[in-house]
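By convention here, the first residue in the shown sequence is residue 1. If you're wondering where the values come from, they're calculated on a predicted model, not measured in any experiment.
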Amino acid sequence: MPRGKYDVIIFGATSFVGGILTRYIAEQYGWNKDLKWAMAGRSERKLQQVRGTLAPILGDQAGDVEYIIADAADEASLTELCESTRVIVSTVGPYALYGEPLVKACVETGIDYCDLTGEPQWIKRMLDKYESKAAETGARIVHCCGFDSIPSDMGVRHLQELAKEKVGHTLSKVEMRVKAAKGGMSGGTIASMLQLTKEVMANPSLKKELANPYSLCPPDHGFRAKQPDIKGAFFDRASNAWGMPFIMAAINTRVVHRTNALLEKEYGERFLYNEGMLTGKGAKGRRMAKAMTLGLGAFIVGAAIKPTRALLEKFVLPKPGQGPSPKEQETGYFDIRFYGYDKEYKYGKEPVIATKVTGDKDPGYGFTGKMLGEAAVCLALDYHTRGKKRWGKGGFWTPGSLFGEVFMERLQKNANMTFEDITPAESTDKESAEQAA
């Protein structure tokens, strides 16, 4: 393959999310137009099947879509893959089992990479092993470009940019609340969660690392603030509703703190951040919060015990390659709220800035395909324009630290994702008046 023939290669196009991503790229960018892309995977038969699903989108051109045979365990084929493109976007998980060889190949060849992992223990290993090398070669590695953690990371960045415009500075505390969401869970996500559980059981020292909210920050981050950790049912005053722990908070909060570190502590050295999922108002919402918290705890305990985990895998949980139906993906959605507080005010009072982020498809799959696709295209075209110096030095980035306004514009224009200011007018007006006084 000619060096740099493609802008983007979709590695793992035959996986559940890989197929969704491939169809999204075909729908949004066509074939052989402004974006030069190809599929890659280890099974030629399955790649041909995926290409067949593109016929309703691309018509006769579907047969022209190129694919490359490459195995996640074959370093030579991965190096050749890297040398033929600018960006590789990977959907091959669990990443803790299959992801390292491709990251290594991208780092060594200086090729940009993004994925949708939500596995903090694996990201930490990749940082420890390859961050300094990526800085040398210029490879830009961007993990967590799916539902975990683009809505959280870009949502906080959006709120902080609004705060700078409205009140003149970033805010020292942000709370994220999932107001509503509808979607299914794929076998790949379940496999990643179970892999993390297995690693913790095999290596108890991982518990300490996973309990550290700054575990993904650079070693010299200097953060000391004790982060709020939602462990049970709670009442959220900003939403006037009850809530429970949000299962994705374990990765999202760490990504947001790494963003703050990479932005040279733009959110503040004592920035506080937490995430929760709302269950409703009044007594019904309270009962729901308690019941769902107990259910989540039971699942975590069950997954930690080997015999119970085996039963869950065999009889209850979806298998890799399984996931929400096309109809479920289309009818899914998410509505996430962000509330920003200023250290000048007591945290129990109304937020200074309030925003919301929404998406119109199943968050983990239909919409993750959109977000991951736009992240890859943004890396390849917007931040790596032909004939011009690309933006951002080599290293391990987060979405919020590398991508800015141009990425949010892509998400809003192409993916129908919204970033909206919902701050009550009296909130910022009151602050401005008090500052003037």
Side-chain angles (χ1 to χ4, degrees), residues 93-96 99 103 114-131 134 141-157 159-160 170 172-178 189 192-193 195-197 199-200 203 205-231 245-277 296 300 336 338 357 363-364 368 371 375 395-403:
Y95 293 89
V103 170
C114 60
D115 65 29
L116 50 76
T117 184
E119 302 161 61
Q121 85 289 6
W122 178 71
I123 297 173
K124 181 67 165 61
R125 290 202 294 270
M126 297 304 96
L127 286 167
D128 292 344
K129 284 188 174 184
Y130 302 115
E131 188 170 23
I141 310 299
V142 192
H143 297 302
C144 305
C145 291
F147 187 60
D148 41 346
S149 300
I150 280 179
S152 297
D153 204 19
M154 300 306 298
V156 172
R157 174 127 189 215
L159 181 145
Q160 296 288 24
T170 58
S172 57
K173 181 178 181 180
V174 175
E175 295 180 335
M176 179 275 240
R177 301 290 180 254
V178 181
T189 297
S192 294
M193 294 170 64
Q195 175 60 29
L196 173 57
T197 302
E199 289 188 37
V200 171
N203 180 13
S205 64
L206 264 180
K207 291 181 181 179
K208 183 177 180 181
E209 178 184 306
L210 293 171
N212 178 8
Y214 305 120
S215 63
L216 300 184
C217 292
D220 60 349
H221 60 79
F223 297 134
R224 296 290 182 269
K226 184 177 180 180
Q227 293 296 324
D229 187 12
I230 296 174
K231 294 182 178 180
F246 181 48
I247 194 168
M248 298 300 182
I251 180 64
N252 293 341
T253 55
R254 283 144 185 81
V255 170
V256 169
H257 288 305
R258 180 170 174 82
T259 292
N260 186 28
L262 295 179
L263 293 177
E264 300 181 347
K265 304 178 183 178
E266 186 174 305
Y267 305 163
E269 190 164 308
R270 299 192 61 80
F271 173 69
L272 301 177
Y273 180 69
N274 66 70
E275 296 190 344
M277 185 169 184
L296 178 61
I300 292 171
I336 298 175
F338 295 84
V357 176
T368 279
M371 292 184 283
F396 280 66
W397 296 83
T398 59
S401 62
L402 182 66
F403 300 135

From [X] [atom1] over to [Y] [atom2], what is the distance, rounded to the nearest 0.5 angstrom?
| X | Y | atom1 | atom2 | value |
| --- | --- | --- | --- | --- |
| T253 | N274 | OG1 | CG | 9.0 Å |
| E199 | E209 | CD | CD | 9.5 Å |
| L216 | C144 | CG | SG | 7.5 Å |
| L206 | Q121 | CG | CD | 6.5 Å |

Could you tell me how the ring of F396 sits relative to the ring of H143: parallel (under 30°), tilted (30 to 60°) or perpendicular (over 60°)? tilted
Indicate the ring-plane relationship of F223 and Y214, choosing parallel, tilted or perpendicular according to the 30° and 60° boundaries. tilted
Where do D128 and K124 land on the salt bridge (Lys or Arg N to Asp or Glu O under 4.0 Å) test, with the steps shown first? CA-CA 6 Å; D128 292 344; K124 181 67 165 61; 3.0 Å; yes
Hey, are the side chains of K207 and V200 touching, using non-hydrogen atoms and a 4.5 Å cut-off? yes
What is the minimum heavy-atom distance between [X] and [Y], and which atoms define it?
| X | Y | result |
| --- | --- | --- |
| T398 | V142 | C-CG1, 3.9 Å |
| K231 | P245 | C-CG, 3.6 Å |
| T259 | G400 | CG2-C, 3.6 Å |
| R254 | A211 | NH2-C, 3.8 Å |

Going by the rule ring-ring contact (aromatic ring centres under 6.0 Å, His included), which residues pair with Y95 if we only count those two or more places apart in sequence or in a different chain? W122
